[in-house]
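One structure is given here, and the rest of the page talks about it.
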Amino acid sequence: MSKNLKIGLFGFGVVGQGLLDIIQSQNLNLEIIKIAIKDPRKKRTLNKDLFTTDRNEILNNTEINTIVELINDADAAYEIVTTALKNGKNVVSANKKMIATHLKELVDLQQEYGTSLLYEGAVCGSIPIIRNLEEYYDNELFHALSGIFNGSSNYILSKIFDKNQSYDSALKEAQDLGFAETDPILDVGGYDPKYKLAIATAHAYGLFVNPDAILNIGIQNLSNHDIKYAREKNFKIKLVPTARKVNTKDIVTYVLPKLVTKDDFLYNVENEYNAVAVQAAFADKQFFYGKGAGGHPTGAAVLSDIAALRYDYRYEYKKYHSENSVKHTEDILLEIYLRYADEDLITLLNFDNISERYAASSYKYVVGTVKLESLIKNRDLLLDQSVFVAYTGRQIYKQEQLSGNVFAEELASL
């Protein structure tokens with residue numbers, strides 16, 4: 001039977017309001033007891049007695065059995081979530097940075113205190129990818145996970161390639177519409193999708209990866225030269241987080257702009273929409289598509305988690321507990337397009353092979369294969385405004401990596 005949930009809500013911004021709208025439209029066995037806010041002076045449509053600025057008024061309330069955390073501050077979210085779990089309260093969170101940074105600890109806390117933390121709304125908005133990775137693919141030989149995990153950057157890129165807008169114009173439009181922050185670097189710099197990728201990787205492979213170990217290069221340095229190059233080659237550019245099996249034990253992860261061809265699932269994912277493409281041994285390729293941001297789409301994902309808690313649902317982290325011994329690796333060759341100004345960068349990256357090269361007074365680029373570990377080592381140089389990096393979609397496997405691999409043929413074709 002479903003439990004009667006008594007909810008303490010932290011945060012009443014766009015997602016919090018969207019969640020309330022959905023709850024009020026449904027006949028559900030739950031009740032919001034108290035809402036924690038930062039600014040008590042802000043006008044609210046609800047009874048003022050419902051709000052508090054004291055987190056302990058919610059965390060120490062024995063009537064409340066479920067905490068819903070929807071705030072932006074990752075450090076404050078961590079304190080709220082860990083305290084709630086230790087106090088025997090189940091939690092729903094949408095704070096991807098906090099979850100990605102502390103996921104192993106949060107898994108251990110759930111096991112120690114017999115509580116449940118759900119966070120579908122933290123990854124790709126309305127797309128139910130976490131529970132699918134956890135349940136549908138629990139016994140699959142899982143090969144690859146990639147997609148568009150950030151609506152802000154995708155909106156900007158859509159306007160550039162579909163409407164011929166400049167980067168600056170598209171960014172301003174995204175900010176005016178509320179898709180991008182005043183300081184958009186978390187989105188366009190690839191940090192937001194990196195946190196989401198770390199969470200998804202834990203459920204896809206049972207591997208907890210520190211987000212700091214994941215290379216993230218964004219689109220903030222995109223220039224007219226790069227846009228022209230992509231158009232001439234019939235590509236679009238998308239910001240794509242990726243997790244792949246290199247062999248049966250090694251997982252590689254990165255967030256890079258990608259030169260996307262027309263036959264790629266991601267080519268027609270536009271504006272604020274998100275998408276997740278997965279590949280597994282038996283289910284083969286599958287594609288999830290939906291709105292990645294906004295009060296109602298994300299609120300729907302949060303509500304799905306709340307509803308699951310009525311039946312005591314929890315993530316089992318089966319792949320992690322199976323001790324499958326997979327590990328994170330940087331030992332892979334990627335083919336990249338690199339716009340650069342300083343010839344020393346080519347030397348530092350130590351390209352394994354260069355297949356295309358162009359040099360003029362105002363624009364230089366190479367296309368070639370380079371080690372992921374070399375990109376990570378020189379990440380600070382790659383963030384220089386004179387540099388832009390894009391992955392061509394070709395991941396190069398060494399013969400020894402493919403040797404004896406039960407899915408070598410599938411890997412070679414990705």
Side-chain angles (χ1 to χ4, degrees), residues 15 19 22 90-96 99-100 103 106-107 110 116-151 154 192-209 214 240-245 251 253 255 264-266 269 272-294 296-322 324 326 407 410 414:
V15 178
L19 172 64
I22 300 170
N90 293 327
V91 182
V92 173
S93 174
N95 195 304
K96 74 281 294 184
I99 295 166
L103 187 51
L106 294 169
V107 171
Q110 292 174 73
S116 176
L117 168 64
L118 304 181
Y119 38 80
E120 192 70 67
V123 183
C124 296
S126 64
I127 299 173
I129 188 59
I130 299 300
R131 212 173 302 175
N132 271 290
L133 291 173
E134 183 74 15
E135 304 293 341
Y136 184 84
Y137 297 103
D138 63 338
N139 293 307
E140 267 275 29
L141 292 174
F142 198 86
H143 293 348
L145 168 80
S146 65
I148 294 169
F149 289 11
N150 182 264
N154 199 52
D192 174 83
K194 174 172 72 170
Y195 298 133
K196 295 171 180 175
L197 180 64
I199 296 169
T201 298
H203 291 274
Y205 301 105
L207 177 67
F208 296 109
V209 182
I214 299 176
V240 180
T242 300
R244 292 186 187 275
K245 262 190 172 179
I251 310 297
T253 60
V255 179
D264 191 305
F265 281 130
L266 304 179
V269 179
E272 72 272 26
Y273 279 83
N274 280 194
V276 183
V278 301
Q279 183 162 11
F282 305 110
D284 201 17
K285 294 180 180 178
Q286 295 183 316
F287 189 66
F288 300 83
Y289 172 83
K291 285 198 171 182
H296 289 155
T298 307
V302 171
L303 181 60
S304 175
D305 282 343
I306 295 171
L309 288 177
R310 293 184 301 162
Y311 300 94
D312 293 318
Y313 178 79
R314 64 182 58 192
Y315 302 136
E316 296 182 58
Y317 303 98
K318 300 170 189 174
K319 295 175 184 177
Y320 167 66
H321 291 302
S322 71
N324 56 14
V326 294
F407 51 90
E410 288 92 335
L414 288 175

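Residue numbers run from 1 in the order of the sequence given. Because the structure is a prediction, the values reported are computed rather than measured.
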Rounded to the nearest 0.5 Å, how far does [atom2] of [Y] lie from [atom1] of [X]?
| X | Y | atom1 | atom2 | result |
| --- | --- | --- | --- | --- |
| Asn150 | Lys194 | CG | NZ | 13.5 Å |
| Thr253 | Leu197 | OG1 | CG | 5.5 Å |
| Ile199 | Ile129 | CD1 | CD1 | 12.5 Å |
| Ser304 | Ile22 | OG | CD1 | 10.5 Å |
| Glu120 | Asp305 | CD | CG | 6.0 Å |
| His296 | Ser126 | NE2 | OG | 12.5 Å |

Given side chains that start at C-beta, do those of [X] and [Y] come closer than 4.5 Å, heavy atoms only?
| X | Y | value |
| --- | --- | --- |
| Phe288 | Val278 | yes |
| Val209 | Ile251 | no |
| Phe149 | Val276 | yes |
| Thr242 | Arg244 | yes |
| Tyr136 | Gln286 | yes |
| Val123 | Lys96 | no |

Please give me the minimum heavy-atom distance between [X] and [Y], naming the atom from each residue.
| X | Y | value |
| --- | --- | --- |
| His203 | Tyr119 | NE2-OH, 2.7 Å |
| Ile99 | Ala122 | CD1-CB, 4.0 Å |
| Lys319 | Tyr137 | NZ-O, 2.9 Å |
| Gly125 | Ala301 | O-CB, 3.2 Å |
| Cys124 | Ile148 | SG-O, 4.4 Å |
| Thr201 | Ala243 | OG1-CB, 3.6 Å |

- May I ask you to decide if Tyr320's main-chain N or O and Tyr205's side chain share a donor-acceptor pair within less than 3.5 Å? no
- Item | Backbone of Tyr317 reached by a side-chain donor or acceptor of Glu134 within 3.5 Å | yes
- What orientation do Tyr289 and Tyr273 show, parallel under 30°, tilted 30 to 60°, or perpendicular over 60°? parallel
- What class does the angle between the rings of Phe287 and Phe265 fall in, given that below 30° is parallel, 30 to 60° is tilted and above 60° is perpendicular? parallel
- Dump the intermediate steps for side chain to side chain contact (heavy atoms under 4.5 Å, CB included) on Leu19 and Leu303, then the final yes or no. CA-CA 7 Å; Leu19 172 64; Leu303 181 60; 3.9 Å; yes
- Take Tyr315 and Val107 through the test side chain to side chain contact (heavy atoms under 4.5 Å, CB included) and record every step on the way to the result. CA-CA 9 Å; Tyr315 302 136; Val107 171; over 6 Å; no
